Amino acid sequence: MNSNPSPAAVPAHVAIIMDGNGRWAKSRGLPRLEGHRRGAGVAQDVVRWAADAGVKQISLYAFSTENWERPHDEVTGLMTLLATMLTMQVPAMKKEGVRLRVLGDVSALPRLAHQAVQHALRATAKGERIELVLCLNYGGQQEILAGARRLAQSFRAGEISEEALDSMSPADFRRLLWRDDLLPVDLLIRTGGEYRISNFHLWDAAYAELYFSPEFWPDYSREAFHQALVGYQRRERRFGLTSEQLHAEVSSPHE
Ligand code: IPE
Ligand code: IPE
Ligand code: MG
């Protein structure tokens, strides 16, 4: 079967919930951290697969605001892994034209992990082939709440009028979120067989196509990723319109 996605209609922004590291490890009698270590290698691979397919932005959910509640040893292990793997991956990222961005409150990360992130951000700043948005200490509800708080502060400080507040559009509000330079999520993939969003990209995934994969993240393959891209190309994205409207717009475009 040819599962290579055609260059037409490649999603510009793909977001991935990389789930199943722990179960992958458990099923082999290995410590959970070994699953995370393998998963970090696949994370590096998927950025390359995405860049090769023509994806412009890829968000990887690496650590959620809720993941701090995991056992202390797992959190510490994940943070150490982040620091070492990210530092190791910088030369390859530079070579492959990957520009790192981060989404989430990285100031709350332990010092070594924070330093590794800052170093990788600087070292890859010239990458032009693909943007890797690493989501660290990220929570969609927290992001929207922070935006609402910023808005309230601006209003209190008199920087925004009552009229401007009343006529505010979703696009206006979007500028108050943690990053104002992300594309809307076109395709949201979750591995590991669970069917939920787990507080990821709540705003930007409003019209994302959802794709759920049964594999545990360390088993994720280029073929599975290509199947998701091909699946995406078969969807009809209607954005609230009817199918007939979309076809009419294609056959008789506005002047
Ligand atoms: C995802 O894998 C990685 C992180 C959340 C950091 P999990 O660790 O959630 O793996 P499962 O879901 O327990 O198998
Ligand atoms: C989501 O996975 C977070 C990451 C992949 C970083 P979780 O494993 O934490 O989500 P739940 O707990 O199954 O919803
Ligand atoms: Mg999980």
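Both counts, for ligands and for their atoms, begin at 1 and track the order of listing. Every value quoted in this text rests on a predicted model; they were computed, and no experiment measured them. All residue numbers in this chain count up from 1 along the given sequence.
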Q) Residues in side chain to side chain contact (heavy atoms under 4.5 Å, CB included) with A92, at least two apart? A) Q44, E96

Q: Identify the residue among L103, N67, D105 that makes a side chain to side chain contact (heavy atoms under 4.5 Å, CB included) with N137.
A: D105

Q) Can you find a side-chain donor-acceptor pair between E74 and H36 that sits under 3.5 Å? A) yes

Q) What do you reckon, does E69 put a non-hydrogen atom under 4.0 Å from ligand 2? A) no

Q. With no hydrogens and no angle check, is any side-chain donor or acceptor of S213 less than 3.5 Å from a backbone partner on E215?
A. no

(Q) Need the ligand 2 atom indices (1-based, order shown) with element for anything under 4.0 Å from a heavy-atom of R196. (A) 11 (P), 13 (O), 14 (O)

Q: Kindly say whether the aromatic ring centers of H13 and H201 come within a distance under 6.0 Å.
A: yes

Q | Counterpart residues, ring pair (Phe, Tyr, Trp, His ring centres under 6.0 Å), relative to Y220 (two or more places apart) | A | W217

(Q) I'd like the atom name of the N/O/S atom in D19 lying closest to the Mg ion (ligand 3). (A) OD1

Q) Quick one: ring pair (Phe, Tyr, Trp, His ring centres under 6.0 Å) partners of W49, sequence neighbours excluded? A) none

Ligand 1: protein N/O within less than 3.5 Å of ligand N/O:
from: ligand 1; atom 1: 2 (O); to: G20; atom 2: N; distance (Å): 3.4
from: ligand 1; atom 1: 2 (O); to: N21; atom 2: N; distance (Å): 3.3
from: ligand 1; atom 1: 8 (O); to: R32; atom 2: NH2; distance (Å): 2.9
from: ligand 1; atom 1: 8 (O); to: R70; atom 2: NH1; distance (Å): 2.7
from: ligand 1; atom 1: 9 (O); to: D19; atom 2: OD1; distance (Å): 2.9
from: ligand 1; atom 1: 9 (O); to: R70; atom 2: NH2; distance (Å): 2.8
from: ligand 1; atom 1: 10 (O); to: G20; atom 2: N; distance (Å): 3.4
from: ligand 1; atom 1: 10 (O); to: N21; atom 2: N; distance (Å): 3.1
from: ligand 1; atom 1: 10 (O); to: G22; atom 2: N; distance (Å): 2.9
from: ligand 1; atom 1: 12 (O); to: D19; atom 2: OD1; distance (Å): 2.9
from: ligand 1; atom 1: 12 (O); to: R23; atom 2: NE; distance (Å): 3.4
from: ligand 1; atom 1: 12 (O); to: R23; atom 2: NH2; distance (Å): 2.9
from: ligand 1; atom 1: 13 (O); to: R32; atom 2: NH1; distance (Å): 3.3
from: ligand 1; atom 1: 13 (O); to: R32; atom 2: NH2; distance (Å): 3.0
from: ligand 1; atom 1: 14 (O); to: G22; atom 2: N; distance (Å): 3.3
from: ligand 1; atom 1: 14 (O); to: R23; atom 2: N; distance (Å): 2.7
from: ligand 1; atom 1: 14 (O); to: R23; atom 2: NE; distance (Å): 2.7

